[in-house]
Student: 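Dumping the structure here so I can ask a few things about it.
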Amino acid sequence: MNTQTLEQRPTAWERFKASHFLHSFRTDKVAIISFSVFLFFALAALFAPLIAPYDPYDPAMIDIMDSEIAPAWSEEGDERFALGTDAQGRDMLSTILYGTRVSLMIGICAVLMQAFLGVVIGLAAGYFGGRVDSILMRIADVQLSFSTMMVAIVVLALFQAAFGAELYAKLAIFMLIMVIGIAEWPQYARTVRASVLAEKHKEYVDAARVMGFKSRRIMWRHILPNTLSPILVISTVQVANAIISEASLSFLGLGMPVSEPSLGSLISSGFAYIFSGSWWITVIPGVVLVLLVLVMNLLGDWLRDVLNPKLYKG
Amino acid sequence: MALLEVKNLEVTFGLRQGAVKALRDVSFSIERGERIGIVGESGAGKSVAAFSILNLISRPGYISGGEVLFEGKDLTKLSPQEMRDIRGNRIAMIFQDPMMTLNPVLTLGQQMVECLKAHRKISTAEAREVALEKLRLVHIPSPETRIDQYPHELSGGMRQRIIIAIALLLDPPLIIADEPTTALDVTIQAEIMELLLELCDSQNVGLILITHDLGVVSQVTQKAVVMYAGRVIEQGPTKEIINDAQHPYTQGLINALPQQTLPGKRLNQIPGSMPSLQKIPTGCAFHPRCEFVIEPCSRELPGFTRSGGCSVACHMVKAMKEKAAAAG
């Protein structure tokens with residue numbers, strides 16, 4: 001027995017420093033690069049109001065005479081606008097910073113929503129089994145048979161038609177989070193249910209029942225923490241998916257309004273000008289979107305390998 | 001009044017192929033501070049009996065008859081809330097595999113405090129004190145450090161001690177131990193068994209020991225219950241059963257102990273194996289494997305015959321008793 005551990009418990013931070021998790025992160029170049037890129041985007045998005053040279057939401061700062069200026073490095077560029085301007089004369093850099101912020105927020109909130117619904121339903125289905133399981137999982141199957149895009153398009157289009165574009169513009173973020181969150185919960189529910197089925201026959205669950213705990217307590221405090229690793233892994237992938245869904249919806253004109261653009265609506269707004277030579281309005285936000293989604297997927301892959309070492313990595 | 005009295009307990013599993021009775025007509029009782037052993041081969045219904053005492057048979061099984069009287073209350077008729085108050089609090093259970101019984105993601109302290117707080121209104125700090133005291137009771141070295149560790153940081157024997165500590169947390173009058181030493185190293189088995197005994201004695205706890213190890217039963221328990229295919233076939237004082245087993249099955253079990261065989265000889269064994277519960281033979285369930293089969297064995301279910309302090313369900317024993325009575 002290690003005497004050092006007996007004398008003093010390492011603090012949580014020390015344990016983290018010595019963990020396999022951190023070690024495998026340090027030795028994996030892809031993970032380090034992905035995480036750095038992700039952190040860069042996340043921080044840039046978080047502090048957008050501080051670092052952005054212009055406020056793209058403030059019409060007073062926009063001059064239509066500045067529209068469609070190429071990025072600063074090209075011949076027609078203007079030093080004031082590092083990445084050029086869009087068709088309305090907004091600084092692309094600022095707009096992209098704010099757009100990343102909107103995209104990330106929608107992605108993360110939508111996934112929190114999915115995770116909440118999915119975990120509650122998956123836990124109940126897996127733990128109670130029988131008829132509860134059948135009913136909940138059939139609902140999940142039905143939900144999965146409608147594609148996310150179809151549900152989102154129908155709901156958002158109906159909302160826009162019924163309440164008008166103005167109200168829609170105000171509620172767009174909220175609506176997108178709800179729609180993407182509700183459309184994708186079966187992913188979580190299925191994953192959680194499968195893990196719960198595996199966990200619930202282990203003896204510690206019997207032991208918890210023998211100790212006289214309530215079902216709710218056993219589900220949330222004893223089984224759920226043991227199913228966290230698959231939940232974490234699908235979360236990273238799901239955030240990336242949610243960002244893509246949001247971008248697609250925005251591209252179709254059903255997402256964020258042009259006055260408060262996300263990456264998707266920026267790509268969409270520049271699309272009309274791509275053949276007139278103003279490629280940067282579409283391409284730069286597009287590159288940002290692709291990079292963001294790529295690093296999240298790479299991080300998800302790495303996390304899966306770490307949390308599930310038994311998985312054959314071929 | 002007995003601490004726990006199981007009367008004609010019957011447990012049925014409703015399977016697609018039809019209802020299967022896993023326990024039939026099981027009766028035994030235990031006093032406070034007494035230790036009884038439930039013995040039998042795998043599949044005899046020992047564990048089902050343990051779980052049905054706590055009313056924790058999972059579907060498709062259910063208690064289809066009989067009573068489980070604990071401190072005068074019939075546990076089969078309590079509401080889920082009342083039953084939860086009994087579990088862990090009044091009747092604790094110790095499982096076979098200490099590697100699996102502790103939740104891997106919670107520290108020992110968290111698990112112990114949680115258990116105390118589920119049954120008593122005490123603060124976390126007080127609960128922690130009680131937990132530490134119980135850890136000392138089971139001779140855990142430096143409990144202040146151990147309490148913040150995770151189960152994977154402990155050895156198997158240490159974990160089984162922790163599990164015993166958890167069972168004793170709320171000072172229950174009855175502990176059910178389902179093969180508590182089977183998964184342990186032989187050298188630790190004796191140690192754990194001794195600890196369990198010592199604690200049951202000092203805390204005046206009743207112990208139901210479920211095992212297939214007759215050696216343990218003979219050393220530890222005062223009464224023994226032998227089960228076969230879901231039925232009790234012989235029960236009585238452990239000494240009498242071990243020294244002078246009446247039922248051919250119990251005799252077979254005792255003869256099968258390696259200590260009963262001379263060096264160089266083949267080990268004795270009971271021919272055949274336990275019948276599937278779906279195809280229990282008519283009459284005495286043991287008759288196809290029994291070497292003393294007489295005429296009514298395959299037809300009639302044997303009733304209990306008194307023999308000394310034991311009761312035995314066997315036609316052959318009954319016939320012999322009758323013959324002896326007629327002669328004497």
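Residue numbers begin at 1 in each chain, while the letters A, B, ... track the order of the sequences.
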Student: Please round to the nearest 0.5 Å and tell me the distance separating atom CD1 of B:I163 and atom CD of A:E203.
Tutor: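 Going from the CD1 atom of B:I163 to the CD atom of A:E203 covers 8.5 Å.
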Student: Does the B:H119 side chain pair with the main chain of A:M211, one donor and one acceptor, at a distance under 3.5 Å?
Tutor: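 Such a contact is found between B:H119 side chain and A:M211 backbone.
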Student: Is it the side chain or the backbone of B:I86 that comes within 4.5 Å of chain A heavy atoms, both, or neither?
Tutor: neither
Student: With chain A as the partner, which of B:L170, B:D85, B:L56 has the greatest number of non-hydrogen pairs under 4.5 Å?
Tutor: B:L56
Student: Please name the pair of heavy atoms, one in B:N103 and one in A:R221, separated by the smallest distance, quoted to 0.1 Å.
Tutor: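 In this case the closest contact between B:N103 and A:R221 is ND2-O, 4.2 Å.
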Student: In Å, rounded to the nearest 0.5 Å, how long is the span from CG of B:D97 to NZ of A:K202?
Tutor: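 Between atom CG of B:D97 and atom NZ of A:K202 there are 11.5 Å.
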Student: Can you give me the closest heavy-atom contact between B:F95 and A:A207, atom names plus distance?
Tutor: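 Minimum heavy-atom contact is CE1-CA, 3.5 Å.
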Student: Taking atom CG of A:D206 and atom CE of B:M93, what is their separation to the nearest 0.5 Å?
Tutor: 8.0 Å
Student: With only heavy atoms counted, which part of B:L54 is less than 4.5 Å from chain A, the side chain, the backbone, both or neither?
Tutor: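 Side chain of B:L54 only, per the 4.5 Å heavy-atom cut-off to chain A.
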Student: Quick one: which of B:M83, B:E114, B:Q110 has the most heavy-atom pairs under 4.5 Å with chain A, could you say?
Tutor: B:E114
Student: Nearest heavy-atom pair of B:F51 and A:V210: which atoms, and what distance?
Tutor: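 Closest heavy-atom pair between B:F51 and A:V210: CE2-CG2, 4.4 Å.
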Student: Taking CZ in B:R136 as the centre, count heavy atoms belonging to other residues, nucleotides or ligands within less than 6.0 Å. Is the count above 12?
Tutor: yes
Student: Between B:Q81, B:Q96, B:R84, which residue shows the highest count of heavy-atom pairs closer than 4.5 Å to chain A?
Tutor: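 Highest number of pairs under 4.5 Å: B:R84.
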Student: Looking only at heavy atoms and a cut-off of under 4.5 Å, which of B:A167, B:P104, B:A118 has the most pairs with chain A?
Tutor: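 So the answer, after comparing B:A167, B:P104, B:A118, is B:P104.
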